[in-house]
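Every chain is numbered from 1, with letters handed out A, B, ... down the list of sequences. FYI, side chains are in, hydrogens and waters are out, and symmetry mates aren't considered; it's all heavy atoms of this structure.
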2 protein chains.
Amino acid sequence: MQSPLIKKLIDAFTCLPGVGPKSAQRMAYNLLERNRGGGMHLSSALQAAMEGVHHCQRCRDFTESTLCGICQSERRDKSLLCIVESPADVIAIEATGGFQGTYFVLMGHLSPLDGIGPEDIGLDQLKRLINEESPSEVILATNSTVEGEATAHFIAELLKGTNIELSRIASGVPLGGELEYIDGGTLMHSFSGRKPYTS
Amino acid sequence: MQSPLIKKLIDAFTCLPGVGPKSAQRMAYNLLERNRGGGMHLSSALQAAMEGVHHCQRCRDFTESTLCGICQSERRDKSLLCIVESPADVIAIEATGGFQGTYFVLMGHLSPLDGIGPEDIGLDQLKRLINEESPSEVILATNSTVEGEATAHFIAELLKGTNIELSRIASGVPLGGELEYIDGGTLMHSFSGRKPYTS
């Protein structure tokens, strides 16, 4: 007996990550009951973003222009190239304010079982970029997961023979972390990756 | 450095209930990376619903027509009127398949502190409806919360002096519930509301 428009809206909401039928229903009714303006605003923001946002020609991050803001900027150090898996990683690193180099966004990681190979994560483009710009250091900042490590390893193999310095972000106990509550894998990693103590 | 269109989209997502900045970002990037079609579909479903859905003239439930499907139906028993707080309650009751009467949807509950009075929950319209249709029984199916009980009480007062049978849905231990894990309030309610045992 539900109105077809509401049914369609609830269905459409379930395409969002982490939204099942129950939350979708809650979202639909909440907008209809209390916030139609917000709903219309979300509708137009969605359309504008889906149509207007594409990939930066240099780094593959999302942008509305040919080049993204970071790639356009004169202030960024192009000799330092940081490879990440997703645009959200760029935002997380930018939020720290501690990195002044540029990025290359893979938009995923290698996953042969899902049919995601080197071309799908833009490794051809990465190779061309490195040939053109020849950065002095490439930082492999893929996730510290099995797939992320495998992708980092693959890229490292790809860049073998060039005289580019390759580095991998450190993994170990998070700042403020207590050893008692850290998982065994991380703890072993932080032991094998130990460094000379400097005070 | 984030694209303005993406920023706007993330902002717009936070108008949804239970969606904070972090989930909003995840939703925006998920759609952009993996499901642009789904995003466009959501956009048009939103616009259609926000513009096309309004209230049923008889019961105040959401509908695209003058009367909702239940009010239009010839099969529903108009002598039985069930008063609920929200359209989601109608769906929950309809899903049980056990109720053949019609509804009146308050679209909220009395809440003097929030400035929600009798007119805001359509009690004028309810009175008119009852005068016109003079149902034999009105079921008060507002939530079993303080506000829901207060609203039920207010409506009961309103209908005093008419010869309509008034009932309130039972509250007590849920089916399959174990007494050990039921809160004290519910347990006391199920004792004070006990009925003669029939096998």
Side-chain angles (χ1 to χ4, degrees), chain A residues 1-19 23 25-54 56 61-65 68-70 72-73 76 86-88 90-91 94 107-108, chain B residues 1-19 22-23 25-54 56 61-65 68-70 72-73 86-88 90-91 94 107-108:
Chain A
M1 284 300 189
Q2 212 166 16
S3 139
L5 287 180
I6 300 182
K7 231 178 224 158
K8 264 186 208 160
L9 179 58
I10 293 174
D11 268 358
F13 268 128
T14 56
C15 78
L16 296 174
V19 177
S23 326
Q25 182 182 310
R26 191 166 146 241
M27 287 173 173
Y29 281 119
N30 184 286
L31 290 183
L32 285 168
E33 284 170 31
R34 274 182 277 273
N35 196 358
R36 297 216 178 196
M40 286 305 290
H41 180 65
L42 176 56
S43 165
S44 57
L46 266 168
Q47 195 187 359
M50 295 302 130
E51 289 176 348
V53 173
H54 45 255
C56 169
D61 198 358
F62 286 130
T63 180
E64 298 154 52
S65 333
C68 74
I70 294 173
Q72 273 177 34
S73 169
R76 308 294 297 222
S86 78
V90 173
I91 293 168
E94 286 298 293
M107 304 299 299
Chain B
M1 282 301 191
Q2 212 167 15
S3 140
L5 285 181
I6 300 182
K7 231 180 225 159
K8 264 186 210 160
L9 179 57
I10 293 174
D11 269 357
F13 268 129
T14 56
C15 80
L16 296 174
V19 176
K22 217 52 191 177
S23 325
Q25 182 183 310
R26 189 164 148 242
M27 287 173 173
Y29 281 119
N30 185 285
L31 290 183
L32 285 166
E33 283 170 30
R34 273 183 277 272
N35 196 359
R36 297 215 179 200
M40 286 304 289
H41 179 64
L42 176 56
S43 166
S44 56
L46 266 168
Q47 196 187 356
M50 295 302 130
E51 289 176 348
V53 174
H54 46 255
C56 169
D61 198 0
F62 286 131
T63 180
E64 298 155 52
S65 333
C68 73
I70 295 173
Q72 274 178 33
S73 170
S86 77
V90 174
I91 294 168
E94 285 298 294
M107 303 300 297

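- The distance from atom CD of A:Glu51 to atom CE of B:Met40, rounded to the nearest 0.5 Å, is 4.0 Å.
- Interface summary for chain A: among B:Gly52, B:Gly38, B:Gly108, B:Pro87, the most heavy-atom pairs under 4.5 angstrom belong to B:Pro87.
- Looking at B:Asn30 and A:Cys15, their side chains never come closer than 4.5 Å, going by heavy atoms from C-beta outward.
- Interface remark: B:Glu33 contributes backbone and side-chain atoms alike to the contact with chain A (heavy atom separation under 4.5 Å).
- Only the side chain of B:Val19 comes within contact range of chain A, with at least one heavy atom under 4.5 Å from a heavy atom of that chain.
- If you take CE on B:Met50 and OG on A:Ser43, they are separated by 8.5 Å, rounding to the nearest 0.5 Å.
- Residue B:Met107 touches chain A through its side chain alone, counting heavy-atom pairs closer than 4.5 Å.
- Interatomic distance, B:Ile6 CD1 to A:Glu64 CD, rounded to the nearest 0.5 Å: 7.0 Å.
- For the pair B:Ala45 and A:Lys8, the tightest heavy-atom approach, listed with the atom from each and the gap, is CB-O, 4.2 Å.
- No side-chain heavy atom of A:His41 sits less than 4.5 Å from a side-chain heavy atom of B:Asp11.
- Each of B:Thr63, B:Leu31, B:Asn35 has some count of heavy-atom pairs under 4.5 Å with chain A, and the biggest count is that of B:Leu31.
- Residue contact with chain A, scored on non-hydrogen atoms closer than 4.5 Å, involves the backbone and the side chain of B:Leu9 alike.
- The residue among B:His54, B:Gln72, B:Met27, B:Arg36 with the most heavy atom pairs within less than 4.5 Å of chain A is B:Arg36.
- Both the backbone and the side chain of B:Leu32 come within contact range of chain A, judged by heavy atoms closer than 4.5 Å.
- Between the CD atom of B:Gln47 and the CG atom of A:Leu46 there is a distance of 11.5 Å, given to the nearest 0.5 Å.
- Within the 4.5 Å cutoff, the side chain of B:Phe62 has no heavy atoms near those of the A:Ser3 side chain.
- Between A:Arg26 and B:Pro17, the shortest heavy-atom contact is NH2-CB, 3.7 Å.
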